[in-house]
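For reference, the structure discussed in these notes is given below.
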Amino acid sequence: MKIKFYLISILLLNMIIACVNTPVSTPTAPPATPTVTLLPTSTSLPTQTPTTVPSPTATPKPLVPNFDHILMILLENKEFGSVIGNSLMPNFNKLARDYTLLTQYYAVTHPSLPNYLALMGGDTFGIRSDCTDCFVNAPSLPDLIEASGRTWKTYQEDIPSPCYIGDGYNYMQKHNPFIYFDPIRTDTARCERSVVPLTALQTDIEAGSLPNFIFITPNMCNDAHDCSLDVTDAWLADLLNKLVPALNATGSSYLLVMTFDEGQGTHSCCGLPAEAGGRVPVVFYSPLVKNGFEDSTPHTHYSLLKTISAAWGLPYLGHAAEDNTILITAPWK
């Protein structure tokens, strides 16, 4: 009986131990419901602000056209009122009516030579006479023209030979400013190549080799210094009848300037001394100038030098750089 009880007791004890060691299963919580974030209700998709593309900017029109050729013909010693409207100069006056006439243009001084120097060098260099040995060691417009890759020549009527020094029959050195600048005169090859008789112009026309810058000086009769205006007018018409067709045939753009070196009065403007070189007529002939136009802006020889320099992007020499030297801008189409 005791053995039976003992066995029952051991059996109960094992059952209790088994119950104690059996792990209790903890109920697993149901997975959490994911949170959904709703976008705000919208009737349309978000829009992106477009980037504004600027319109192409037009290239500004230059103040002065970039001419292929610029030509100057310098006549002598006539005031504006003695030329404009004068029946002795019908050809000059027709050009003045049909193209552009500068009505307030002034020479810088008296006599001739310092005006020529001013046109090419931007200064009179203290010269107050028509001296023949008053040479100038200074840069001039031809130096700048050559540095830009362009070419130039002065055609001097009746000069005895290329780069001639001194006066000759009907030719006067004072009307040839180029020979006064040391960098030109002392370089013999350069001087003989570029300071030539007017007869060489026809040769260059026929060869199709006109330089970019041309400066033409008539002799002492044809420039109106010693002969009457009708002689000058006929000479000018004959020259243009040869020159203009040659320019037009190339299709090149060009500006032809016809003016006088000084007037017969002492009128002044634009920062010049109170008594300057007088008021002179200037005609611009070109397919690029306004037709039948008169420009009443005050200008001087320094303005013309400044305008040539601006056309070709060259530095301004001397007084051409001054603010009161007004660039010539009104005549261009």
Side-chain angles (χ1 to χ4, degrees), residues 72 74-79 104-147 152 154 156 159 163-168 171-187 190-191 194-195 213 215 217 220 223 225 257 259-280 282 298-310 314-328:
M72 291 180 60
L74 209 59
L75 307 174
E76 278 287 310
N77 296 17
K78 293 294 180 288
E79 196 76 19
Q104 296 294 324
Y105 183 102
Y106 297 84
V108 301
T109 189
H110 296 292
S112 292
L113 175 58
N115 285 290
Y116 283 77
L117 296 175
L119 279 165
M120 291 298 106
D123 206 318
T124 62
F125 303 99
I127 293 172
R128 300 179 181 179
S129 68
D130 289 327
C131 47
T132 57
D133 58 354
C134 46
F135 302 120
V136 177
N137 186 14
S140 62
L141 180 61
D143 298 331
L144 306 181
I145 290 172
E146 287 185 23
W152 69 278
T154 176
Q156 298 277 325
I159 189 173
C163 197
Y164 183 81
I165 309 298
D167 297 331
Y171 162 80
M172 298 295 287
Q173 181 180 296
K174 65 182 181 179
H175 297 159
N176 179 1
F178 307 93
I179 212 72
Y180 285 86
F181 289 97
D182 289 347
I184 296 174
R185 187 191 68 262
T186 60
D187 186 336
R190 181 190 188 200
C191 188
S194 299
V195 181
F213 180 71
F215 188 101
T217 300
M220 290 290 285
D223 66 5
H225 190 285
V257 180
T259 186
F260 289 76
D261 67 329
E262 57 180 318
Q264 295 149 312
T266 58
H267 314 293
S268 178
C269 82
C270 317
L272 296 175
E275 293 189 354
R279 176 181 170 223
V280 297
V282 180
H299 291 301
T300 70
H301 286 329
Y302 297 134
S303 300
L304 183 53
L305 173 59
K306 187 171 193 171
T307 302
I308 295 170
S309 300
L314 308 178
Y316 295 149
L317 291 170
H319 295 290
E322 296 175 353
D323 291 339
N324 53 14
T325 298
I326 303 171
L327 196 65
I328 303 173

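- For the 3.5 Å distance criterion, the side chains of Tyr180 and Gln173 qualify, holding a donor opposite an acceptor.
- Cys191 pairs by the side-chain contact (heavy atoms from CB on, under 4.5 Å) definition with Cys163, Ile179, Ile184, Val195, not counting sequence neighbours.
- Shown here are the salt bridge (charged side-chain N to carboxylate O under 4.0 Å, His left out) partners of Glu275, two or more places apart in sequence or in another chain: there are none.
- Shortest non-hydrogen contact noted between Ala310 and Tyr316 is CB-OH, 3.6 Å.
- Among residues at least two apart or in separate chains, salt bridge (charged side-chain N to carboxylate O under 4.0 Å, His left out) pairs with a member in residues 115-142 are Asp130-Lys174.
- Taking every heavy atom of both residues into account, Pro142 and Trp152 meet most closely at CB-CE2, 3.4 Å.
- Distance check, rounded to the nearest 0.5 Å: CG of Leu117 to OG1 of Thr109 gives 11.0 Å.
- A distance of 6.0 Å separates CD in Glu79 from CD in Gln264, rounded to the nearest 0.5 Å.
- Lys306 places no side-chain N or O within donor-acceptor distance of the main-chain N or O of Gly122, the cut-off being under 3.5 Å.
- Applying the side-chain hydrogen bond (donor to acceptor under 3.5 Å, both in side chains) rule to Thr154 yields the partners Gln156; only residues at least two apart in sequence or on another chain are considered.
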(request) Would you please test Val136 and Ile127 for side chain to side chain contact (heavy atoms under 4.5 Å, CB included) and show each step? (result) CA-CA 10 Å; Val136 177; Ile127 293 172; 4.0 Å; yes
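- If you take OH on Tyr106 and SG on Cys270, they are separated by 7.5 Å, rounding to the nearest 0.5 Å.
- Ile326 meets the side-chain contact (heavy atoms from CB on, under 4.5 Å) test with Thr297, His299; sequence neighbours excluded.
- With sequence neighbours excluded, the residues forming a side-chain hydrogen bond (donor to acceptor under 3.5 Å, both in side chains) with Tyr171 are Asn176, listed by chain and number.
- The backbone N or O of Asn77 sits less than 3.5 Å from a side-chain atom of Asp261, completing a donor-acceptor pair.
- The main-chain N or O of Pro114 is never found under 3.5 Å from a side-chain atom of Thr124 such that the two would form a donor-acceptor pair.
- Applying the ring pair (Phe, Tyr, Trp, His ring centres under 6.0 Å) criterion to Tyr105, with sequence neighbours excluded, gives His301.
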(request) Show your reasoning for whether side chain to side chain contact (heavy atoms under 4.5 Å, CB included) applies to Met72 and Leu304. (result) CA-CA 10 Å; Met72 291 180 60; Leu304 183 53; 3.7 Å; yes
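- For the atom pair CD of Gln104 and OG of Ser303, the computed distance is 12.5 Å after rounding to the nearest 0.5 Å.
- Separating the CZ atom in Arg185 from the CZ atom in Phe135 is a distance of 4.5 Å, to the nearest 0.5 Å.
- A side-chain hydrogen bond (donor to acceptor under 3.5 Å, both in side chains) check over residues 135-144, counting only residues at least two apart or in different chains, returns the pairs Asp143-Arg190.
- Between the side chain of Thr325 and the backbone N or O of Ala321 there is no donor-acceptor pair closer than 3.5 Å.
- Counting all heavy atoms, side chain and backbone alike, Val108 lies closest to Thr300 at CG1-CB, 4.5 Å.
- Taking CG of Leu272 as the start and NE2 of His267 as the end, the distance is 13.0 Å to the nearest 0.5 Å.
- His110 is linked by a side-chain hydrogen bond (donor to acceptor under 3.5 Å, both in side chains) to Glu262, counting only residues two or more places apart in sequence or in another chain.
- Taking Asp167 as the reference, nothing meets the salt bridge (charged side-chain N to carboxylate O under 4.0 Å, His left out) condition, with sequence neighbours excluded.
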(request) Begin from the C-alpha positions of Cys131 and Leu113 and carry the test side chain to side chain contact (heavy atoms under 4.5 Å, CB included) through to its verdict. (result) CA-CA 8 Å; Cys131 47; Leu113 175 58; 3.9 Å; yes
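- Annotation: ring pair (Phe, Tyr, Trp, His ring centres under 6.0 Å) contacts of Tyr116 (sequence neighbours excluded): His175.
- Of the possible polar contacts, none joining the Thr132 side chain to the Gly166 backbone as a donor-acceptor pair under 3.5 Å is found.
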